[in-house]
There are 2 protein chains.
Amino acid sequence: MDYWFTDSLPYLLNRAGVALGETFSKRIARYDVTLPMYRVLAILRQTGPKSLGELSSLVSVEMSTLSRMIGTMTKAGLVTRIRPPENGRVVSIEITDKGAALADELMQIAMRFERGILGDMDAAAAHELKTLLRQISQRIDRL
Amino acid sequence: MDYWFTDSLPYLLNRAGVALGETFSKRIARYDVTLPMYRVLAILRQTGPKSLGELSSLVSVEMSTLSRMIGTMTKAGLVTRIRPPENGRVVSIEITDKGAALADELMQIAMRFERGILGDMDAAAAHELKTLLRQISQRIDRL
DNA sequence: CGTAAATACTTGCAACTGAAACATTTGCGC
DNA sequence: GCGCAAATGTTTCAGTTGCAAGTATTTACG
């Protein structure tokens with residue numbers, strides 16, 4: 001057998017992803033935000049308003065799930081749903097001041113978290129890793 | 001701001017992981033196996049019987065979830081639960097012949113799938129990627 | 001040896017998820 | 001313009017998940 005499952009890319013990717021996600025989730029739990037919520041906030045904060053569909057693909061979350069999530073985030077005062085006059089079937093999600101402040105705070109935590117993990121890793125290697133991950137995503141999309 | 005969320009490691013990792021998982025899940029759906037089930041089968045097939053706890057950490061799935069999953073896999077005749085005489089509180093999960101045959105078939109698909117993604121990527125780069133992913137997991141475990 | 005603590009797993013329950021059905025708005029062909 | 005198909009979100013419902021509590025077995029300790 002020339003194939004070893006625990007050396008396969010999907011396995012290693014999942015393992016690292018789950019571990020990272022779980023650990024980071026704990027760090028932000030006290031802000032009453034889940035990891036996907038943080039991702040939404042960070043993206044809105046750094047790239048401005050987005051439609052549900054755009055957000056869905058950016059954060060890799062099903063649209064139905066995201067729709068509900070935006071509902072609870074709206075109740076929490078972190079984002080607002082806006083129906084743009086020029087296109088009535090789109091919903092534009094915008095971050096509130098409160099949401100932006102929270103995003104800033106959480107991104108500080110994320111920065112430190114990432115440094116803690118990549119910290120003593122060769123900077124070039126870290127960059128290489130990210131480049132490869134981007135390539136993987138692209139290749140799958142084209143598949 | 002010297003931090004760009006969509007360039008962060010957890011984001012890129014999640015994005016690639018979700019995309020890979022979704023695509024591969026579709027490829028094995030017709031065998032009536034979910035992705036986590038495939039992982040269980042592959043590990044059992046390649047490394048022999050495992051306790052629930054071991055499996056849980058190997059496949060990154062909660063033990064309660066896994067316990068139920070093993071239940072349905074047992075009903076499907078893919079694995080068996082065995083209570084070893086020497087330690088009655090452990091449950092040893094063993095793969096059946098049917099499960100082994102399925103695992104072999106699915107691993108062939110996984111092999112081709114991985115080749116399709118890493119195919120035209122530099123072999124050294126692919127290896128580097130895996131090494132880095134392993135390092136990430138280790139660093140988090142120690143965190 | 002008997003009881004308390006630890007280990008390993010299972011189950012109950014509330015919350016969450018994904019697929020399908022539904023609703024609304026837009027654009028296209030005529 | 002009018003009807004119909006496509007685009008975009010929302011809601012419903014059945015199935016799944018994770019946490020906490022429960023059960024069973026083994027180990028430790030007085």
Side-chain angles (χ1 to χ4, degrees), chain A residues 14 17-30 32-40 43-44 49-76 79-94, chain B residues 14 17-30 32-40 43-44 49-76 79-94:
Chain A
N14 182 253
V18 169
L20 260 169
E22 279 178 356
T23 308
F24 186 68
S25 289
K26 281 177 199 153
R27 300 223 178 160
I28 62 171
R30 72 188 189 82
D32 286 319
V33 204
T34 64
L35 180 48
M37 284 179 186
Y38 160 65
R39 290 188 174 128
V40 167
I43 285 183
L44 293 178
K50 293 270 167 298
S51 74
L52 247 201
E54 288 170 323
L55 267 185
S56 169
S57 94
L58 282 169
V59 303
S60 307
V61 167
E62 279 283 320
M63 208 161 64
S64 69
T65 300
L66 188 59
S67 175
R68 286 175 290 228
M69 215 175 82
I70 294 298
T72 83
M73 291 175 78
T74 299
K75 274 188 211 150
V79 299
T80 55
R81 272 187 237 245
I82 289 166
R83 192 71 73 167
E86 73 276 12
N87 186 349
R89 66 188 155 179
V90 181
V91 169
S92 177
I93 316 295
E94 304 191 2
Chain B
N14 182 254
V18 170
L20 260 167
E22 280 178 355
T23 308
F24 186 69
S25 290
K26 282 178 199 152
R27 300 222 178 161
I28 62 170
R30 73 187 188 80
D32 286 320
V33 203
T34 63
L35 180 48
M37 284 179 187
Y38 161 64
R39 290 187 176 129
V40 167
I43 286 183
L44 293 179
K50 292 272 166 296
S51 73
L52 248 201
E54 287 170 325
L55 266 185
S56 168
S57 95
L58 282 169
V59 303
S60 308
V61 167
E62 277 284 321
M63 206 160 64
S64 68
T65 300
L66 188 60
S67 174
R68 284 175 286 228
M69 214 175 84
I70 294 299
T72 83
M73 290 176 77
T74 299
K75 274 188 213 150
V79 299
T80 55
R81 271 187 237 245
I82 288 167
R83 193 71 73 167
E86 74 276 13
N87 185 350
R89 65 188 158 181
V90 180
V91 170
S92 176
I93 316 295
E94 304 192 1

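To find a chain, count down the sequence lines: A is the first, B the second, and so on, and within it residues start at 1. Everything numeric here is computed off the predicted structure, so don't read it as measured data.
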I'd like a table of donor-acceptor pairs (distance under 3.5 Å, sequence neighbours excluded) in which one partner is a side-chain atom from residues 66-74 of chain A, with atom names and distances.
from, atom 1, to, atom 2, distance (Å)
A/Arg68, NE, A/Ser64, O, 3.4
A/Thr72, OG1, A/Met69, O, 3.2
A/Thr74, OG1, A/Ile70, O, 2.7

Original post:
Between B/Ile82 (CD1) and C/dA8 (P), how many Å, whole number?
Top reply: 19 Å

Original post:
Between A/Leu52 (CG) and D/dT11 (C1'), how many Å, whole number?
Top reply: 13 Å

Original post:
Would you say A/Glu94 and A/Val79 make side-chain contact, with heavy atoms under 4.5 Å?
Top reply: no

Original post:
Taking atom P of C/dT17 as reference, at what distance in whole Å does atom CD of B/Glu62 sit?
Top reply: 15 Å

Original post:
For A/Arg30, does the CZ atom have more than 12 heavy-atom neighbours from other residues, nucleotides or ligands under 6.0 Å away?
Top reply: no

**OP:** Could you state the atom-to-atom distance from CZ of A/Arg89 to P of C/dT25 in whole Å?
**Re:** 11 Å

Original post:
How long is the span from the CE atom in B/Met37 to the CG atom in B/Asp32, to the nearest 0.5 Å?
Top reply: 9.0 Å

**OP:** Write down the distance between CG (A/Leu35) and C1' (C/dC16), rounded to a whole number of angstrom.
**Re:** 15 Å

Original post:
For DNA chain C, which residues in residues 63-72 of chain A have a heavy atom at a distance below 4.0 Å?
Top reply: A/Ser64, A/Thr65, A/Arg68

Original post:
Of A/Gly88 and B/Ser92, whose closest DNA chain C nucleotide lies nearer the 5' terminus?
Top reply: B/Ser92

Original post:
Between B/Tyr38 and B/Ile28, what is the shortest heavy-atom contact and its length?
Top reply: CB-CD1, 3.9 Å

**OP:** Could you tell me whether A/Arg81 contacts a base, only the sugar-phosphate backbone, or nothing, with contacts defined as non-hydrogen atoms closer than 4.0 Å?
**Re:** sugar-phosphate

**OP:** Using whole Å, report how far CG of B/Asn87 lies from C1' of C/dA8.
**Re:** 8 Å

**OP:** Grab the CE-P distance between A/Met73 and C/dC16 for me, whole Å please.
**Re:** 14 Å

Subject >> Under 3.5 Å: donor-acceptor pair, side chain of A/Ser56, backbone of A/Val61 >> reply: yes

Subject >> B/Lys50 NZ - C/dC9 C1' separation (whole Å) >> reply: 18 Å

